[in-house]
Amino acid sequence: MEASMPKRKEPGKSLRVKVISMGNAEVGKSCIIKRYCEKRFVSKYLATIGIDYGVTKVQVRDREIKVNIFDMAGDPFFYEVRNEFYKDTQGVILVYDVGQKDSFDALDTWLAEMKQDLGPHGNMENIVFAVCANKIDCTKHRCVDESEGRLWAESKGFLYFETSAQTGEGINEMFQTFYLSIVDLCENGGKRPNTNSSASFTKEQADTIRRIRSSKDSWDMLGVKPGASRDEVNKAYRKLAVLLHPDKCVAPGSEDAFKAVVNARTALLKNIK
Ligand code: GTP
Ligand code: MG
């Protein structure tokens, strides 16, 4: 599978790439593609049956790219159809619905499905992933916020976009950056271009922010046992403050996590003699 890269070509020459869409059923994969390619939005849900295929040409810098788009069905029923199509892919549009937590939680399962189908020699490192946090127009139902989505995407070195296929927000920007990154990847001998943010925070910082977000109370947030002493609370606080201080940490959500830690410490110290 190392051979999944299209051959390096001279600058200015045309390039042919394969792009797939991935994500749970009904998150808006087909609508995102339709919005970009046909400049329209269909509000009625027409589930993709297995796979939809389309070809489009785009200009990136001095290159014309012929893009083969395979729009996958998200329903588990179509797994057998999907699994034929993962190989030889240069770009993945990975979509979730910001109003459906399940669709966000499922992103890891989608990556696992792809990895499994690529087999032991498959290399996900030479594929550009664009994560679309879709349906941002539905503000009332939103339950996955930007920093949570961005943290997940950027800690994996993926691109992240807030999109609405309905209003068109973020769609052009997403495709332009996505195609540009694919061309960079092809010209870079198959190595995914570094996104600034992927190199700018550590896994420990990302994991700590996630842990803080899901903590059940202030003890849990600081990572101390209920009934811990002032010293233990202060020690745990200092460790987290160093890790997450906004001057030091640029991971998405670090500022909120830092504030939450400060508040947790204040609340605990009030009640410890
Ligand atoms: P499968 O093909 O079954 O995997 O689904 P899909 O991910 O391709 O979803 P599709 O694009 O068909 O959209 C599902 C439903 O969500 C449709 O009713 C769309 O009109 C709606 N939808 C898609 N994108 C948006 C969006 O950005 N905002 C809103 N409000 N609705 C959207
Ligand atoms: Mg579809």
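The shown structure was predicted, so the numbers you read here are calculated from the model rather than taken from an experiment.
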Closest non-hydrogen atom pair, I209 against A251: CD1-CB, 3.6 Å
Heavy-atom check, side chain of Y237 versus side chain of L268, under 4.5 Å: no
K135 NZ to T167 OG1 distance, which is reported to the nearest 0.5 Å: 13.0 Å
Distance (rounded to the nearest 0.5 Å) between R213 CZ and L151 CG: 7.5 Å
R35 side-chain N/O to I171 backbone N/O, donor-acceptor pair under 3.5 Å: no
Nearest-0.5 Å distance, CG of residue L94 to SG of residue C132: 8.5 Å
Derivation and outcome, side-chain contact (heavy atoms from CB on, under 4.5 Å), residues V27 and Q100: CA-CA 8 Å; V27 294; Q100 296 286 342; 5.9 Å; no
D184 backbone acceptor or donor facing E187 side chain under 3.5 Å: no
Heavy-atom side-chain contact between L222 and V233 under 4.5 Å: yes
Heavy-atom check, side chain of E232 versus side chain of N234, under 4.5 Å: no
Evaluation steps, side-chain contact (heavy atoms from CB on, under 4.5 Å), between C143 and V98: CA-CA 6 Å; C143 58; V98 296; over 6 Å; no
Residue pair E148 / K101, side-chain heavy-atom distance below 4.5 Å: yes
Shortest non-hydrogen contact between A260 and M221, atoms and distance: O-SD, 3.4 Å
Between CZ on residue F129 and OG on residue S181, distance to nearest 0.5 Å: 13.0 Å
Geometric class of the F175/Y179 ring pair [parallel <30°, tilted 30-60°, perpendicular >60°]: tilted
Within-4.5 Å side-chain heavy-atom neighbours: I65 and K57: no
Separation of L15 CG from R63 CZ (nearest 0.5 Å): 5.0 Å
Lys/Arg-Asp/Glu bridge criterion (N-O < 4.0 Å) met for E162, R142: yes
Expected output: side-chain T177 to main-chain E173 donor-acceptor under 3.5 Å: yes
Nearest-0.5 Å distance, CZ of residue F158 to CD1 of residue I127: 9.0 Å
Aromatic ring pairing F85/F70, orientation class (parallel under 30°, perpendicular over 60°, tilted between): tilted
Qualifying residue, where the test is side-chain contact (heavy atoms from CB on, under 4.5 Å) with E255 and the options are C249, P246, S147: P246
F77 atom CZ, neighbour heavy-atom count above 12 within 6.0 Å: no
E204 atom CD, neighbour heavy-atom count above 12 within 6.0 Å: no
salt_bridge(K225, D220) N-O dist < 4.0 Å: no
NZ/NE/NH1/NH2 to OD/OE distance under 4.0 Å, E146 and R150: yes
Any donor-acceptor pair under 3.5 Å from Q205 side chain to L243 backbone: yes
Stepwise side-chain contact (heavy atoms from CB on, under 4.5 Å) check, R265 with V261: CA-CA 6 Å; R265 174 191 179 233; V261 166; 5.6 Å; no
Check ion pair K18-D88 (N to O, under 4.0 angstrom): no
Trace of the side-chain contact (heavy atoms from CB on, under 4.5 Å) decision for K66 with S14: CA-CA 7 Å; K66 191 171 175 193; S14 69; over 6 Å; no
Any E169 side-chain heavy atom under 4.5 Å of D137 side chain: no
Cluster check I49, Y79: I/L/V/M/F/W/Y, side chain < 4.5 angstrom: no
SB check K235 D231 (cutoff 4.0 Å): no
Distance-only polar pair, side chains of Y96 and N24, donor-acceptor under 3.5 Å: no
Between D97 and S103, a side-chain donor and acceptor under 3.5 Å: no
Check: I212 and L244 side chains under 4.5 Å, non-hydrogen atoms: yes
Pair S155-R210, side-chain hydrogen bond (donor to acceptor under 3.5 Å, both in side chains): steps then yes or no: CA-CA 11 Å; S155 57; R210 276 191 211 103; 3.1 Å; yes
Nearest atoms (heavy-atom pairs only) where N134 meets G28: ND2-CA, 3.7 Å
side-chain hydrogen bond (donor to acceptor under 3.5 Å, both in side chains) evaluation trace for D71 with Y53: CA-CA 6 Å; D71 176 24; Y53 169 70; over 6 Å; no
Sub-4.5 Å side-chain heavy-atom contact between T89 and V19: no
Shortest non-hydrogen contact from F78 toward T48: CE1-O, 3.7 Å
salt_bridge(E113, R82) N-O dist < 4.0 Å: yes
Charged N-O contact under 4.0 Å between R16 and E64: no
Side-chain ion pair, D108 and K156, N-O less than 4.0 Å: yes
